[in-house]
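Remember, predicted model here, so these are calculated numbers, not experimental data. In the text below, chain A, chain B and the rest are named by the order of the sequence lines, each starting its count at 1.
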Amino acid sequence: MEERYDPQTVELKWQKYWIERNIFKTDPDTSKEKFYCLEMFPYPSGKIHMGHVRNYAIGDVIARYKRMRGYNIIHPMGWDAFGMPAENAAIKEGIHPAKWTYENIAYMKKQLNQLGLGYDWDREVTTCSPDYYKWNQWFFLKMYEKGLAYRKSSFVNWCPSCMTVLANEQVIDNGCWRCDTAVIKKELEQWFFRTTHYAEDLLKACDELKGWPEKVVLMQKNWIGKSEGLEADFKVAGMDERIRIFTTRADTLFGATFICLAPTHQLTEKLASDKEALRKVKEHYGKVDEKVGFFTGRYAINPANDEKIPIYIANFVLMEYGTGAIMSVPAHDQRDFEFAKKYELPIKIVIMPENSELQTSNSELNAAFEDEGILVDSSSYSRLRSDVARIEIAKHIEKKGLGKRVINYKLRDWGISRQRYWGTPIPIIYCEKCGVVPVPEQELPVILPEDVKFTGTGGSPLTDSAKFLDVNCPQCKGKARRETDTMDTFVDSSWYFIGYCFTKGKINFNSELSTSPPFNPPLGRGGQRGDSFEISYWMPVDQYIGGVEHAVLHLLYSRFFTRVIKDIGITGFDEPFTNLLTQGMVCKETLKCPEHGWLFPEDVKDEKCTKCGKPIERGRVEKMSKSKKNVIDPDYLINKYGADTSRLFSLFAAPPERDLEWSDQGVEGAYRFLNRTWGIVFKNSHKLRVTSYELKNENKNLSLVTRHSSPLLRKTHQTIKRVTNDIEREYHFNTAIAALMELVNEITSFESRTDDDWRVLKFSIETLLLLLSPFSPHISEELWEATGNKPSILERAWPSWNENIAKEEEIELVIQINGKVRAKLMAPAGLSDAEVQNRALDEQKIKEIIGQKTLKKIFVVKGKLVNIVIGD
RNA sequence: GCCGGAGUGGCGGAAUUGGUAGACGCAAGGGACUUAAAAUCCCUCGUCCCCAAAGGGCGUGCCGGUUCGAGUCCGGCCUUCGGCACCA
């Protein structure tokens, strides 16, 4: 064994060993309980970043730990390979997106292997491969058959920079989720997936997501946004038309003083004569800044009291939600209030606070009163409480046949059309005679044409590819053209975790349809090795790990797809991910020069900018990003410290769910720890190798205990307990690693004198290596071998502790007087309360403090503390 | 504005059920080894009072409460980070 720890040599050796032995290959062995460990697959942008290192280190620890605990593990990895950056690279540098993507994948795969991550690459999926995206198209056709995929014209979010449509979930602060460009509204024919079909189910099932962070479940619930209310019809005076409105506050119906329609409402053209005003309002539609509207000249009849109230067209009323029309109650809705003030419309108070007067100035409201209260001026409903009146009025309207109680969701259908090249072609053909015709299943996949030009202007290159575009209609064989839009890349990531379940990555859902029912074949059904068997064996994912930024988008779409796949008849489960861990961001301090902006650490010397000599500002700790120049390159870390140190530090610096602040010195600390571990094995390697000791029988430990070695033996058992519990309890790796550091400290100061000491030392060191191996696997394998053991350490069982050995014989007894610590003394563990009391009262210092004062009461906390309450 | 986290030494963070606040690591200071430096090893390290020791006071964002005892529970604020935001 080398004296010096050289991570590069060690890591290469064991990575080669694992690959040659096929250690991470998955096998559906039904005699074992399975564990599906999954990390969110990366977009192949070129190189991995520290966020990936952290995410994948967490996943690898879990997979290795569960494996040692005896689970049958599936731990796959793949590539979210469609997307805009590849297309941008094609435009900018003239490289074909496929070439660019596959080169990036090759490099990043090498990096992942250098980190020692234990993936089964036989099940790798690459979403831009026709073998994969064929199934996007297949799902599309199945959904089209079921009416879950449909086409409609609508106002959509359009990013002028990306020249493509965005789903609602992809609009962040009114900007594009990729490039931040302000999103505009544009009317387009688009394909949609009917996510709303599952709205209620997706919402209800949220309560079953026990293994998810509450925060994420809440975000899902809020996004689905259920609200119960009333739809009511307002007749248009002098016309044979009705306007249906939606409200959650039927109790304020008597306070409605006008009606507002969305500018794109089906009746606006008919009602509004002033086309110029309508055009103006449309311009402001979807913008949050200002409320704009105009009077149509028409009136509506309030179904509650037959009052005539004016009909307005207003930009702030959304066509996409409810009925696209609202009754406006300015006294009790802030938005209506602002609109009414601007256009000088009447404000009628119909709800009063229960115990006080409404705050008004000059007998006018200065803001809407939106709380619950008591009804006034509402005919027979006056004096009712608003929550009661809400139901009564709704019932009344329903009875009169002028409306009905309904449930609305904020969740909209998922617009999946994208005007891009690098995505899955939508398998649809447009025929002049037959109209919209789906591509026949046997003709899948519809493959992206390779010979296209990327100009960066005029939208998708597919619209210029005659070879792709021109096609014969599958029905009438006449001239037809293909759909040129491709699918949102979130389609790709909505089912990839099921794709991993197919042996050797050979995805085939057709075989599922013919062989699958009955669903969920029982475990242990002898000899069956079909794909449907594998899906029901491996799914659902037991532990999913990824960034919280996907809390709404990806997770919601995956939950939707899982339901669709079930309804197609392939699977028998609703939820894809049993447990979810959302890891925090990797952050680092930023440096800024007043003249040169963000700086790399190497651009700073003595707190000054090396370019201009001005003093720099130490900025906030922010998420690592290239633009802020506060990134750490994983390649650099691996070269300098090795994968084991990089993994160890990113796991030690913070618990997984919290943000991690990068610290160069902290990395040094992790490296020092591994060096010390190396050192203790090196120092003792000769003797350790010849010391024989059977690890298996835990109770043998007891016979080895001597006065000298028992503290180390105890510490070792305590460490097994702590590390195991810390991993089991929410994956708190930081405290688990701290426990390992304590053990190393103890081992370092231990001196072996007798053969029994050597056996205890060997047991300690071997235990340390077993416990360390999920975190820093290479060095653990190397030292495991150096202590005379056969590889692989990964195939060893996770150690267990003996409570009898782990428990302390002596405890430190804390003595408090009136809740303040006054003395501490060592006492044997397991004393009775009375004995503990006596010892405490016997203590010289305690006697002095008590003196002549009266003893009021004594509390004893077993094994820990005594609190003596005394009077004056 | 609404919803949800978080606030503990110089720093990252521990404290599992209301029971010794500050584990572990980093930084800092002192010492050993060395011709010297690096590396390594040892010691100190919340703060204040005291020459020092012994001892004691204060201390988990702020104010108050419950309790023998509160970082932990309750009420009210402050700061900060996320998410949503004309959803009627």
Heavy atoms from C-beta onward define the side chain here; which of [options] lies closest to that of [X]?
X	options	value
A/Arg729	B/C58, B/A88, B/U16	B/U16
A/Lys410	B/C24, B/U16, B/C84	B/C84
A/Tyr321	B/C24, B/G57, B/A88	B/A88
A/Phe246	B/G19, B/A88, B/C24	B/A88
A/Arg672	B/U40, B/A14, B/A88	B/U40
A/Leu218	B/C3, B/A88, B/C41	B/C3
A/Thr735	B/G56, B/A88, B/A15	B/A15
A/Lys824	B/G13, B/G12, B/U20	B/U20
A/Lys215	B/A88, B/G4, B/U20	B/G4
A/Ser227	B/A88, B/C3, B/A23	B/A88

Under 5.5 Å between ring centres and under 30° between planes: true for A/Phe859 and the base of B/C68?
yes
Under 4.0 Å between any heavy atoms, over every strand shown, what does [X] touch: base, sugar-phosphate, or nothing? Just pick one.
X	value
A/Asp336	nothing
A/Asn675	nothing
A/Phe652	base
A/Lys857	nothing
A/Arg822	sugar-phosphate

Just say parallel, tilted or perpendicular for the rings of A/Tyr343 and A/Phe339, cut-offs at 30° and 60°.
tilted
Parallel, tilted or perpendicular for A/Phe649 and A/Trp662, by the 30°/60° rule?
perpendicular
Looking at [N], I'd like to know if its phosphate oxygens (OP1 or OP2) sit under 4.0 Å from a side-chain N or O belonging to [X].
X	N	value
A/Lys856	B/G69	no
A/Asn734	B/A14	yes
A/Lys820	B/C58	yes

Is there a donor and acceptor pair, one atom on the side chain of A/Gln816 and one on the base of B/U20, closer than 3.5 Å?
no
Would the base of B/C86 count as contacting A/Lys291 through its side chain, where contact means a donor and an acceptor less than 3.5 Å apart?
yes
Separation between the P atoms of B/G55 and B/G4, rounded to whole Å
48 Å
Using a strict 4.0 Å threshold on nitrogen-to-oxygen distance, state whether A/Lys226 and A/Glu200 make a salt bridge.
yes
Kindly determine whether A/Leu261 and A/Tyr312 satisfy side chain to side chain contact (heavy atoms under 4.5 Å, CB included), including the steps that lead there.
CA-CA 6 Å; A/Leu261 303 186; A/Tyr312 274 71; over 6 Å; no
Does any N or O in the side chain of A/His265 come within less than 3.5 Å of the main-chain N or O of A/Ala325, such that one atom is a donor and the other an acceptor?
no
